[in-house]
Structure formats: structure tokens, C-alpha cells
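In what follows, a single structure is set out as C-alpha cells and then discussed.
Remember, predicted model here, so these are calculated numbers, not experimental data. Every heavy atom of this structure was used, including side-chain atoms; hydrogens, water molecules and symmetry mates were not. Protein chains get the first letters and strands the later ones, always in sequence-line order, with residue 1 at the start of each.
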Amino acid sequence: DGKDGVQGHGKCDYETVFTNAKAGMDNVDKDYVRDMVYEMSKNSKFFVNEQQKNQQSDERNKRLKARVEALTQAELNSACQIADRFIDSEDDGRDLSRTFVHVDMDAFFAGIEILKNPDLANVPFGTGSLAMLSTANYEARKYGVRSAMPGFIAKELCRKPSPRSNLKPAELLFVGNYRHGEYSHVSKQIMKVLEGFDPHIKRAGIDEAYLDVTDYMKKHDMTPTQVADKIRSTVENTTVTFLQHPTPAAGLTCSCGVAPNRRLAKICSDIRKPNGHYILPPSRDAILHFVSTLPIRKVNGIGRVSERMLQHVYGVTQCGQLLEHRAAICASLRPLTWKWLMGVGLGL
DNA sequence: GCGGATCAC
DNA sequence: TATGGTGATCCGC
Ligand SMILES: Nc1ccn([C@H]2C[C@H](O)[C@@H](COP(=O)(O)OP(=O)(O)OP(=O)(O)O)O2)c(=O)n1
Ligand SMILES: [Mg+2]
Ligand SMILES: [Mg+2]
């Protein structure tokens, strides 16, 4: 991801848009996708604009990096003390007593289309148009097709799959353009189902929610595994009946992450996607081990720009490194920002 | 408040 | 040929 030092080459700046990690895309030939996307994008106005934005953030990063390099040892020592005090107190206050579940639907828009037309289940398709896809089913993801990808590029990826893969050339289908209202309606019904597990569920976007299942588990004397299974089967069974279309073969599936806080639960729900769950035990050691090598980009709130900043300015690519670089980070970023980042490093 | 920037689904 | 719609937050002004 641009770490080979070939900066300034357009392809390297643009590639991460569609080649960073995403559920169902582990076996994708990323180099091939990157080259295809670049070839089909490079002459567009859109692409030039993206390049300019990247350059601007690179310049900001250079200025910040110069400031970091100019820090004196005394300044770093003092910042380190402040950071240490904050980290110790946050670590002390760590709450492992509650259990959170993050529920996220699998290929949500595509799943709804399959519900209405089960024939789509085993062919690659995207929801949207030749101009833009909102998502793709897991069959299409094998080809590198994904959310926010222009449909005409996605179509080409399926027509000419990587020669290094064993994928057969396929015709990508486009279904369900402009059906946001319908998807929204299904979403509301799913949220109602989830409220059975926690009346105070926190909805986050159209296809996911955070549940505090501490009370539910106690009341029903259930383990985290049992709760996750129960949520998944309940969602799948009830969604079968949502759309009164000719006998759908199956309902919508979702994936769950279980952890002692929302931030970690969200990361966990992606690990066993689709149709699975992952449980992070409520122990300090397990959490610190989990986050130590976790790529910072997986954290909700760290996007493309922040990822570049943390890598280029501090050399940080994994959450654990945020703690190692606490002095420089604390000395050069706003209090709210560095405190938030230390929380990430601690897995809070 | 309003714009731009960033982030997310 | 062709790169969205929607919603949220933060920041500096
Ligand atoms: N850039 C994006 C990303 C997502 N979506 C819509 C379509 C998705 O179906 C839905 C949910 O987004 P997710 O990120 O959860 O992705 P999916 O549910 O499609 O797939 P996954 O199985 O990886 O969760 O939001 C969108 O319109 N534009
Ligand atoms: Mg989803
Ligand atoms: Mg989601």
C-alpha cells in the first residue's frame, strides 16, 4: 500500500481505494484489480481530482512530519509523561463487565435482491448501475468487484478475470438501481427484531447495529456463542417472510462480533463474514494481543487519509504501535485526537 | 451557521 | 460513455 516508496506515481496513490481488505475478497488478485482500475480511470477528470486531493494531504503530512522531527528530547519526555498518565488511568478504568454484539448484514442490498429473485444467488451481480455500484454479492467479489466501484470497471473485471486466478469469464449483472426506500424498509424491520435482544440497540448505518446483550445473557443464562447463534438464526428466519415474493429459498444472513466494547465488537463482526461470528474474550491480555498487530485501517474512524498520516508521519500501521509512539503523537496532535488514538491502542 | 474535509454505509 | 446518495462529525471561520 504505497509503502514501497514509489510515491508520486498515480497508480500507487489510487490503488488502495479498491484493494484494501474487505470481507469475501481474501483471494482476489489485488495487483490485477489495481492495474485494471488504474487503466480504466487514469484519463478521467475524476481521477485527476483524486490525485490533487492526495497531493494536498501529502503536503499536510510533510509539514506535520517536519514538526515532529523538530521536537526536542525534553519536549518528547514531557509529552511521554502526560501520555503515560492518561494511558495508566484509562487502563485502570477498563470495563470488561459488559458484552456487546455488533450485527452486520451480509452483502445487504444484494441479499435483498436474492430474496426476491433466488436465481441470482449463484451468479455475480452488483446493485446499482454502470456508473456506480452500491454493493456486490460474494460471487462478484471473487472478481474484485465491490461497493463504490464504477459498474463499467466491475463489468470489465468479470469479463476478463485475472489469468492468475481460476475464475471463468462472466457477465456481471446489474440489479436494483435506486431502491433505497425498499432497502430502508427492510432495515427497519431487522432493527425491530434486534430490539428483542436489547431494547436500547444503537443503529449504525443501514445494515448494522450495536447490542448490549449483558442483561439478555444473564436473563436467559446464555453464553456469548449461544447469543450470537440465536441472533443469527432469528434474523435469518424472520427475514424469509419480509418480502412476499415467490417462496425465497433462504432469509438474509448476518455476521456478529462479540466483545467487551462496541469498537472491538465492530471489528470482530468482519472476521467471520459472511454468515459467521467471532468472539473476543473479555480479558485484558486477549484484547491487548488482539489489537497489537491489528491494522489501524480496521478501526472505525480511521479512513484513507488518517491511515496515510499515521504511516507517513509516525510510521504506525498497527494499533499496538500507537502506544509505542505515544510521545511523538501526544506532542504533535490535538488532545482529543491523541487521547482517542491511545484508546484505540489500548483496545478501549 | 456554513464550507470543506473526513469518515461511514 | 460512464465515479452516487445519504448522513454524521469536526474544525476553522
Ligand atoms: N459505499 C457504500 C457502501 C455500502 N453501501 C450500502 C450497500 C450495502 O449493501 C450496505 C451495507 O454496507 P456494508 O459496508 O455493510 O456492506 P455489505 O453489507 O454490502 O457487505 P458486507 O457483507 O461486507 O457487510 O450499504 C453503499 O450504498 N455505498
Ligand atoms: Mg453489511
Ligand atoms: Mg455495514
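- Annotation: C:dT3 and B:dA8 have their P atoms spaced 24 Å apart (nearest Å).
- With respect to the salt-bridge test (charged N to carboxylate O, under 4.0 angstrom), the residues A:Lys266 and A:Glu208 qualify.
- The residue A:Ile302 sits close only to the backbone: its heavy atoms come under 4.0 Å of sugar-phosphate atoms, none of a base.
- Side chain of A:Asn237 to main chain of A:Ser233: a donor-acceptor pair is present (N/O by atom type, distance under 3.5 Å, no hydrogens or angles).
- Residue contacts shown for A:Arg297 are limited to sugar-phosphate atoms, with no base heavy atom under 4.0 Å away.
- Salt-bridge formation is detected for the pair A:Asp215/A:Arg98: a Lys NZ or Arg NE/NH1/NH2 atom is positioned less than 4.0 Å from an Asp or Glu carboxylate oxygen.
- Nucleic acid contact for A:Val299: sugar-phosphate only, since backbone atoms but no base atoms lie under 4.0 Å from a heavy atom of the residue.
- Using a 4.0 Å heavy-atom distance criterion, A:Glu208 is classed as a sugar-phosphate-only contact.
- For A:Lys155 and A:Glu171, the salt-bridge test passes: some basic side-chain N is under 4.0 Å from an acidic carboxylate O.
- A:Phe108 comes within 4.0 angstrom of no nucleic acid atom, judged by non-hydrogen atoms across all strands.
- Between A:Arg60 and C:dC11, a side-chain N or O to OP1/OP2 separation shorter than 4.0 Å is absent.
- Here A:Asp58 pairs with A:Arg308 in a salt bridge; the nearest charged N to carboxylate O distance falls below 4.0 Å.
- At the phosphate of C:dG12, OP1 or OP2 sits under 4.0 Å from a side-chain N or O atom of A:Arg334.
- Among A:Asp106, A:Asn275, A:Asp104, the one residue that satisfies the side-chain hydrogen bond (donor to acceptor under 3.5 Å, both in side chains) test with A:Ser255 is A:Asp106.
- Following rounding to the nearest Å, A:Phe174 (CZ) and C:dT1 (C1') show an atom-to-atom distance of 13 Å.
- Candidate nucleotides C:dT3, B:dC9, B:dT6 were compared by shortest atom distance to the side chain of A:Met132, and C:dT3 ranks first.
- Salt bridge present: A:Lys53 and A:Glu50 bring a charged side-chain N and a carboxylate O closer than 4.0 Å.
- The residue A:Ile206 sits close only to the backbone: its heavy atoms come under 4.0 Å of sugar-phosphate atoms, none of a base.
- With salt bridges taken as basic N to acidic carboxylate O contacts below 4.0 Å, one links A:Arg159 and A:Glu156.
- Here B:dA5 is the nucleotide among B:dA5, C:dG4, C:dT3 with the atom lying nearest to any side-chain atom of A:Gln56.
- The side chain of A:Ser306 approaches B:dT6 more closely than any other nucleotide in the set C:dG4, B:dC9, B:dT6.
- A donor N or O paired with an acceptor N or O is found under 3.5 Å between the base of C:dT3 and the side-chain atoms of A:Ser41.
- We find that CZ of A:Phe46 is positioned 13 Å from P of C:dA2, with the value rounded to whole Å.
- As a whole-Å value, the separation of A:Arg146 CZ from B:dA8 P is 12 Å.
- Between A:Ser147 and B:dC9 there is no side-chain N or O to OP1 or OP2 distance below 4.0 Å.
- Base engagement by A:Ser44 is indicated by at least one non-hydrogen atom pair under 4.0 Å involving a base atom.
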Filtered N/O pairs between nucleotides 6-10 of chain C and protein, under 3.5 Å:
none

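- Among the atoms of the strands shown, only primed sugar atoms or phosphate atoms (P, OP1, OP2) are found under 4.0 Å from some heavy atom of A:Lys266.
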